[in-house]
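This report refers to the structure that appears directly beneath it.
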Number of protein chains: 2
Amino acid sequence: MHDLRRKLSDAGLRPTRQRLRLGWLLFGSGDRHVTAERLFEEALAARTPISLATVYNTLNQFTSAGLLREIAVDGAKTYFDTNLSEHQHFLTEEAQILIDLPQQLIDMSRLPEPPEGMEIARIDVVVRLRRKKV
Amino acid sequence: MHDLRRKLSDAGLRPTRQRLRLGWLLFGSGDRHVTAERLFEEALAARTPISLATVYNTLNQFTSAGLLREIAVDGAKTYFDTNLSEHQHFLTEEAQILIDLPQQLIDMSRLPEPPEGMEIARIDVVVRLRRKKV
DNA sequence: ATTTGTGCAAATCGTTTGCATCTGA
DNA sequence: TCAGATGCAAACGATTTGCACAAAT
């Protein structure tokens, strides 16, 4: 509880009602992958009066404060991940659900040389799944 | 030239003026990474009367016909790749330019077991680059 | 003649923003 | 008190779609 207030103020964010609520939903129960829309619905279901715009703003603020990580999945929607460690994802095509991959897939020893003057910022890996046809 | 007409009709697509033009721009000069907007500008520059909607439609048709591959980069824009082989990309953050990676990054021997009833459809890897700070 | 493609403008979808109003330190 | 947050609605940018017209088989 107080960790959360702490977490927010350490990040330079005022612990407002809605930020505490969203923080609680996000960080209260292990690793999570959420979209803005989803989190908005959860907040409403939890009787937290909040606007979708605030959910978007909050997710972005949490992300630049380093409390969340944005996940690069193509398509329209943006996902946010509470698991900040280096890891990758399964993505199920229909349900659009993300699952953490159990291990590193990248062979770091074979990382390519980036072009002159550039460095590697991040490597995104998404393993797309489809329903197995029988 | 006739390859292209051939390519289109093999794919069940009528070789119309605009499809031939776009096909020519796309497949006429090695591997390419394009957005709809970009290809639209090129077509106009090449004095091909075409509408942006048709460019979108055509890119999607080419993709479902297996002539193009969609690249999963997060963010708003969708990229299409004429290189159909298994490969990955560098992405420069500001310029939003894609570059083919010289080699496979994925350690295929360590591919994870997909969840029950699912199979791996595709693995997307994007190596994000940033300008090296001096 | 029939089917398929094209162009335009309007519609959609996720996300952002401007601005007036509220709220927490 | 007063900077910073919130909510709403309008703005946005990429993409899709509905429909009348045009072109290909």
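Residue numbers start from 1 in every chain, and the chains themselves are labelled A, B, ... in the order their sequence lines are given, proteins ahead of strands.
Atom CG of B:Asn57 and atom C1' of C:dG7 are 10 Å apart (whole Å). Between B:Leu20 atom CG and D:dA24 atom P the separation is 10 Å, expressed in whole Å. Atom CZ in A:Phe40 sits roughly 13 Å away from atom P in C:dT15 (whole-Å rounding). For B:Arg19 and D:dA23, the CZ to P distance is 15 Å, given to the nearest whole Å. Separating the CG atom of B:Leu22 from the P atom of C:dG5 is a distance of 14 Å, rounded to the nearest angstrom. The CD1-C1' distance, from B:Ile50 to D:dA23, rounds to 14 Å in whole Å. Rounded to whole Å, the distance from CZ on B:Phe62 to C1' on C:dT6 is 14 Å. One atom, CZ of B:Arg21, and another, C1' of C:dG5, lie 17 Å apart when rounded to the nearest Å.
Classified by interplanar angle (parallel below 30°, tilted 30° to 60°, perpendicular above 60°), the ring pair A:His87/A:His33 is tilted.
For B:Pro15, whose side chain is taken as the heavy atoms from C-beta onward, the closest listed nucleotide among D:dA5, D:dT25, D:dT17 is D:dT25. Comparing atom distances between the B:Tyr56 side chain and each of C:dG14, D:dA14, D:dG7 picks out D:dA14 as nearest. Side-chain proximity of B:Ala36 to C:dT17, C:dC8, D:dT15: nearest is D:dT15. Among the nucleotides D:dT25, C:dC8, D:dG7, the one closest to the side chain of B:Ser51 is C:dC8.
In the model, A:Asp81 has a side-chain atom that pairs as donor or acceptor with a side-chain atom of A:His89 under 3.5 Å.
Among the heavy atoms of the strands, none lies under 4.0 Å from A:Glu37. Counting non-hydrogen atoms under 4.0 angstrom, B:Thr35 reaches nothing in the nucleic acid. If you check every strand for non-hydrogen atoms under 4.0 Å, B:Asn60 touches sugar and phosphate atoms only.
The cluster map of Ile, Leu, Val, Met, Phe, Trp and Tyr, joined by side-chain heavy atoms under 4.5 Å apart, puts A:Leu13 and A:Leu84 in different clusters.
In this model, the phosphate group of C:dT15 is approached by a side-chain N or O of A:Thr78 to a distance below 4.0 Å at OP1 or OP2. Phosphate contact (OP1/OP2 of C:dG5, side-chain N/O of B:Gln61, threshold under 4.0 Å): absent.
Judged by closest nucleotide on DNA chain D, B:Leu52 is the one of B:Thr16 and B:Leu52 placed further toward the 5' end. Both B:Arg14 and B:Ala53 lie close to DNA chain D; mapped to their nearest nucleotides by heavy-atom distance, the more 5′-ward contact belongs to B:Ala53.
Partner of A:Met118 under the side chain to side chain contact (heavy atoms under 4.5 Å, CB included) criterion, chosen from B:Arg130, B:Lys132, B:Arg131, B:Arg128: B:Arg131.
Here the side chains of A:Ile71 and A:Leu98 are in contact, with some heavy-atom distance below 4.5 Å.
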